[in-house]
Undergrad: 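Just dropping this structure here.
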Amino acid sequence: MSIKPIRTRFAPSPTGRMHIGNARSALYPFLLARRLGGTFILRIEDTDQKRFVPGAEQELIDGLHWLGIQFDEGPGIGGPYGPYRQTERREIYHEHAWKLVDSGHAFPCFCTSERLDKVRQEQMKNKQNPRYDGYCRSLSIDEARQRVANGEKYVIRFKMPKEGSITVTDHLRGSIVTENAALDDSVLMKSDGLPTYHLAAMVDDQLMQITHVIRGSEWLPSLPLHAHVIRAFGWDEPVFMHLSVFLKPSGKGKMSKREAAEAIKDGHSIFLNDMKDLGYTPEGVLNWIVLMGWGVADDDVMTLNQMVERFTIDSLTPSPAAINFQKLDHFNATHIRLFSTEDLAGRIKPYFTREGLNVNDDVLLKIVPLLRERLVTLDDCLGFGSFFFKDDVSPNPEDLIAKGLDAKQSAGIAQRAYEILLAQSDISHERCEPPLRAYVEESGLNANQVFGILRVATTGQKVSPPLFESMEIIGREKCLARIKQAIEILEKM
RNA sequence: GCCCCCAUCGUCUAGUGGCCCAGGACGAGGCCCUCUCAAGGCCUAAACCGGGAUUCGAAUUCCCGUGGGGGCACCA
């Protein structure tokens with residue numbers, strides 16, 4: 001039984017955009033660390049120079065920040081086990097790789113990639129598994145060192161035992177037995193002097209005292225190799241957990257780049273940057289992704305803090321999950337309804353100003369209660385509330401005509417409503433609604449017809465927040481002017 | 001081709017041998033409320049992949065199929 005402090009990590013490679021898969025791979029270890037009073041670390045795995053994307057690291061960090069996933073150690077903020085960028089740890093890996101060579105667990109290999117390609121093709125032709133043929137495996141250590149000293153290009157490979165088997169444990173799946181003969185002499189250190197994942201991640205997890213490794217299931221097949229490496233060093237293994245992949249919405253196949261592009265066409269995205277622009281909230285996104293791979297019996301609406309309180313690694317699920325954007329919408333809308341007026345006002349303001357609207361904060365605060373339960377995404381505020389910040393509205397003339405009536409009749413109704421409103425001392429909804437309802441009664445019309453005309457006249461649109469509350473915020477003068485304008489439009493038809 | 005993993009309503013999942021003729025949520029349908037759109041309330045349909053085995057008893061354990069996913073690089 002270990003009494004070591006819990007330390008978990010998120011170890012992405014800066015090779016692309018921050019997406020929901022990354023986010024969830026960061027979320028679970030974060031929750032585990034917070035739940036158990038441990039430490040959460042960010043480590044950048046940038047050992048592949050060919051795939052390095054400038055700016056990717058920043059996008060990763062921005063994404064974590066947006067979601068509220070704070071790391072305790074990592075690039076930029078440091079920590080006792082740094083540096084936290086693998087390219088800044090070259091010597092450490094170099095030293096460890098050679099340690100394995102010295103102990104007989106690894107060997108330098110001088111094979112060219114040309115030769116390796118040829119071997120591989122040959123093997124494929126003979127329907128054999130493509131793997132390293134062991135050419136440099138039995139070179140004497142003295143000869144190998146001599147060739148390295150002479151400046152020959154080399155890699156360091158793990159010397160996989162030819163016989164026996166290894167048993168590894170995945171916390172979510174139990175133990176997995178693998179024949180060593182099925183494993184390859186994998187490269188641990190590349191000829192450019194940088195380590196591969198197999199070496200770098202194992203060394204770092206050990207040196208950084210990581211207790212729980214939560215990572216994608218694409219690593220499951222190399223878990224036996226990783227266990228071999230760890231044991232060759234004489235270390236203890238951390239607890240390993242492999243998260244399943246996200247499947248595309250149809251459930252057929254995993255979420256791919258191509259599929260991500262499709263989603264964008266439908267107004268959805270799996271990239272955090274895009275989701276923010278589309279009006280999704282960190283709360284909604286978090287709630288959505290946390291439940292894809294983690295089961296709760298009920299009460300599935302949670303904030304980050306509530307997730308921390310309830311999280312347990314034993315309720316993580318090993319099966320693949322199809323992403324469902326409708327569910328995202330649901331969680332987003334649900335969290336929006338939970339926000340305070342001030343909070344929501346601050347969150348939707350940028351979407352108005354982004355459209356060039358001049359936002360009056362007093363008005364903004366007043367309309368939030370009207371918009372709150374109508375928003376699925378934050379940018380829906382535009383459709384429901386832009387007219388509050390415009391001087392004029394330009395209703396579609398056709399929309400001003402009430403259902404079942406003609407333009408002339410509609411103009412008459414508008415005129416009567418105008419007079420009723422004009423007679424009121426103020427335009428509060430408490431004052432205006434009763435007389436207009438009375439008019440609906442005595443005229444034999446229905447509320448839809450009368451209020452519909454007023455809605456289009458005052459807001460310029462057929463769908464809006466509640467009419468009387470909206471008119472109150474728009475103000476007496478503007479309302480009267482807009483109704484007058486509507487009457488003119490109707491009379492000209 | 002070889003290796004590995006997974007398998008409960010359309011989707012995310014609860015379920016750890018009797019509490020399950022399987023619970024929740026999204027979505028779908030219906031009703032109520034209603035000035036539009038929402039929100040809210042109530043209700044309905046909807047699943048243990050197939051076959052064996054173990055057991056008094058299996059969604060839950062084991063085996064075999066089938067289906068799905070992942071991996072087999074000097075990428076992570």
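Atoms considered below: every heavy atom in the structure, side chains included; atoms not considered: hydrogens, waters and symmetry mates. Only a predicted model underlies this, so the values are computations on that prediction, with no experimental measurement involved. Naming: A, B, ... by sequence-line order, numbering from 1 per chain.
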Undergrad: Return the pairing partner of B:C9 with a 3.5 Å limit on both distances, Watson-Crick or G-U wobble; otherwise return none.
TA: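 Looking at the geometry, B:C9 pairs with no nucleotide.
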Undergrad: By the 4.0 Å heavy-atom rule, please label A:Trp288 as base, sugar-phosphate, or nothing.
TA: nothing
Undergrad: Pick base, sugar-phosphate or nothing for A:Lys50, based on heavy-atom distances below 4.0 Å to the nucleic acid.
TA: sugar-phosphate
Undergrad: Does A:Arg120 place a side-chain N or O at less than 4.0 Å from the phosphate oxygens OP1/OP2 of B:C74?
TA: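 Yes, because at least one side-chain N or O of A:Arg120 sits under 4.0 Å from OP1 or OP2 of B:C74.
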Undergrad: On RNA chain B, nearest-nucleotide positions of A:Ser244 versus A:Leu172: which is more 5'?
TA: A:Leu172
Undergrad: Please determine, for B:U54, whether a Watson-Crick or G-U wobble partner exists with both distances under 3.5 Å, and give it or none.
TA: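 Pair assignment: B:U54 / none.
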Undergrad: Sticking with atom C1', work out how far B:G40 lies from B:C48, rounded to a whole angstrom.
TA: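 So the two C1' atoms sit 33 Å from each other.
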Undergrad: Closer than 4.0 Å, any side-chain N/O of A:Arg173 to the OP1 or OP2 of B:C6?
TA: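 No, A:Arg173 has no side-chain N/O under 4.0 Å of OP1/OP2 on B:C6.
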Undergrad: For A:Asn126 and B:G1, give me the distance from atom CG to atom P, rounded to whole Å.
TA: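 A:Asn126 atom CG is separated from B:G1 atom P by 17 Å.
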Undergrad: Centre of A:Tyr154's six-membered ring, under 6.0 Å away, within 45 degrees of the axis: is that where NZ or CZ of A:Arg147 sits?
TA: no
Undergrad: Looking at B:G1, which nucleotide sits across from it as a Watson-Crick or G-U wobble partner, both distances under 3.5 angstrom, or is there none?
TA: B:C72
Undergrad: Would you mind building the protein contact string for nucleotides 25-38 of chain B? One character per nucleotide, 5' to 3', B for base within reach (heavy atoms under 4.0 Å), S for sugar-phosphate only, - for untouched.
TA: BSS-------BBBB
Undergrad: Does a sphere of radius 6.0 Å around NZ in A:Lys248 hold more than 12 heavy atoms from other residues, nucleotides or ligands, not counting ones at 6.0 Å or beyond?
TA: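 Atom NZ in A:Lys248 is packed in, count exceeds 12.
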Undergrad: May I ask you to check whether over 12 heavy atoms, not counting those of A:Glu430, lie within 6.0 Å of atom CD?
TA: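 Yes, because the 6.0 Å sphere around CD of A:Glu430 holds more than 12 heavy atoms from other groups.
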Undergrad: So what does A:Gly216 touch, heavy atoms closer than 4.0 Å: a base, only the sugar-phosphate, or nothing?
TA: nothing
Undergrad: Compare the minimum distances between each of B:C12, B:A39, B:C6 and the side chain of A:Met292, then state the nucleotide with the smallest one.
TA: B:C12
Undergrad: Treating A:Thr459 as the side-chain partner and A:Gln461 as the backbone partner, does any N or O pair qualify as donor plus acceptor under 3.5 Å?
TA: yes
Undergrad: I would like to know whether A:Arg347 and A:Glu283 meet salt bridge (Lys or Arg N to Asp or Glu O under 4.0 Å); could you show each step before the answer?
TA: CA-CA 12 Å; A:Arg347 293 192 199 227; A:Glu283 287 82 354; 2.9 Å; yes
Undergrad: Remember a base hit wins even if backbone is also touched, and classify A:Ala182 as base, sugar-phosphate or nothing at under 4.0 Å, heavy atoms.
TA: nothing
Undergrad: Answer with yes or no whether A:Asp298 presents, from its side chain, a donor or acceptor under 3.5 Å of a partner atom in the base of B:G23.
TA: no
Undergrad: Go ahead and name the base partner of B:C21; Watson-Crick or wobble counts if both distances stay under 3.5 Å, otherwise write none.
TA: none
Undergrad: Check each of A:His96, A:His94, A:Glu95 against A:Trp98 using the side chain to side chain contact (heavy atoms under 4.5 Å, CB included) test, and report the only one that passes.
TA: A:His94
Undergrad: Verify, without hydrogens or angle tests, whether A:Asn446 (side chain) and A:Asn448 (backbone) share a donor-acceptor contact under 3.5 angstrom.
TA: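 Between the backbone of A:Asn448 and the side chain of A:Asn446 there is a qualifying donor-acceptor contact (under 3.5 Å).
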Undergrad: Provide the distance between the two C1' atoms, one in B:A59 and one in B:C21, to the nearest whole Å.
TA: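 It comes out at 13 Å once rounded to the nearest Å.
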Undergrad: So, taking the atom named OH in A:Tyr84 and the one named CZ in A:Arg89, what distance separates them when rounded to the nearest 0.5 Å?
TA: 8.0 Å
Undergrad: Taking the C1' atom in each of B:C9 and B:A22, what is the distance between them to the nearest angstrom?
TA: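 To the nearest whole Å, 10 Å.
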Undergrad: Using heavy-atom distances to pick each residue's nearest nucleotide on RNA chain B, tell me which of A:Ile323 and A:Val155 is more 5'.
TA: A:Ile323
Undergrad: Between A:Tyr197 and A:Asp48, is any side-chain donor less than 3.5 angstrom from a side-chain acceptor?
TA: no
Undergrad: For A:Arg215 and B:G71, what is the distance between atoms CZ and P respectively, to the nearest whole Å?
TA: 13 Å
Undergrad: Which base, if any, makes a Watson-Crick or G-U wobble pair with B:A45, both distances under 3.5 Å?
TA: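 Because no pair has both required distances under 3.5 Å, B:A45 counts as unpaired.
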Undergrad: With rounding to the closest Å, how many angstrom separate the P atoms on B:G29 and B:U13?
TA: 24 Å
Undergrad: In whole angstroms, how far is the C1' atom of B:G1 from the CD atom of A:Gln121?
TA: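 From A:Gln121 CD to B:G1 C1': 16 Å.
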Undergrad: Regarding A:Arg337, tell me which of base, sugar-phosphate or nothing describes its non-hydrogen contacts under 4.0 Å with the strands shown.
TA: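 The answer is sugar-phosphate, as A:Arg337 gets under 4.0 Å only of primed atoms, P, OP1 or OP2.
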Undergrad: With C1' as the reference atom in both, quote the distance from B:A38 to B:G50 in angstrom, rounded to an integer.
TA: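 Approximately 45 Å lies between the C1' atom of B:A38 and that of B:G50.
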Undergrad: Could you check which nucleotide pairs with B:C35 in any of the strands shown, counting Watson-Crick or G-U wobble with both distances under 3.5 Å?
TA: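 Its partner: none found.
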Undergrad: Among side-chain atoms of A:Gln306 and A:Thr303, is any donor-acceptor pair under 3.5 angstrom?
TA: yes
Undergrad: Does anything in residues 190-202 of chain A reach RNA chain B, meaning a heavy atom under 4.0 Å, and if so which residues?
TA: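 Result for residues 190-202 of chain A: A:Lys190, A:Ser191, A:Pro195, A:Thr196, A:Tyr197, sorted by number.
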Undergrad: Tell me which nucleotide among B:C6, B:G69, B:G71 gets nearest to the side chain of A:Pro221.
TA: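 Ranking B:C6, B:G69, B:G71 by closest atom to the A:Pro221 side chain puts B:G71 first.
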Undergrad: Tell me what A:Val296 touches on the nucleic acid: a base, only sugar-phosphate, or nothing, going by heavy atoms under 4.0 Å.
TA: sugar-phosphate
Undergrad: What nucleotide, of B:C75, B:C12, B:G71, holds the atom closest to the side chain of A:Arg51?
TA: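 Closest nucleotide to the A:Arg51 side chain: B:C75.
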Undergrad: Looking for any heavy atom pair under 4.0 Å, which part of the strands does A:Ile176 touch: base, sugar-phosphate only, or nothing?
TA: sugar-phosphate
Undergrad: Could you tell me how far B:A39 sits from B:U66 if I compare only their C1' atoms? Round to whole Å.
TA: 45 Å
Undergrad: Looking across every strand, which nucleic acid part, if any, lies under 4.0 Å from A:Gly383 by heavy atom: base, sugar-phosphate, or nothing?
TA: nothing
Undergrad: Look at A:Thr47 and B:A76 and indicate whether a side-chain polar atom (N or O) is within less than 4.0 Å of OP1 or OP2.
TA: yes
Undergrad: Taking the same atom, C1', in B:U61 and in B:G17, what whole-Å distance lies between them?
TA: 8 Å
Undergrad: Salt bridge check: are A:Arg120 and A:Asp133 linked by an N-O gap of less than 4.0 Å?
TA: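 No.
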Undergrad: Do A:Ser186 and A:Asp184 meet the criterion of a side-chain donor-acceptor pair at a distance under 3.5 Å?
TA: no
Undergrad: What interatomic distance, in whole Å, is found between P of B:G23 and the corresponding atom of B:G15?
TA: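 The answer is 15 Å between these two P atoms.
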Undergrad: What's A:Thr317 touching, base or sugar-phosphate or nothing? Going by heavy atoms closer than 4.0 Å.
TA: sugar-phosphate
Undergrad: Between A:Arg131 and B:C2, does any side-chain N or O lie under 4.0 Å from OP1 or OP2?
TA: no
Undergrad: How long is the straight-line distance from CZ of A:Phe325 back to CG of A:Asn332, given to the nearest 0.5 Å?
TA: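 Going from CG on A:Asn332 over to CZ on A:Phe325, the span is 12.5 Å.
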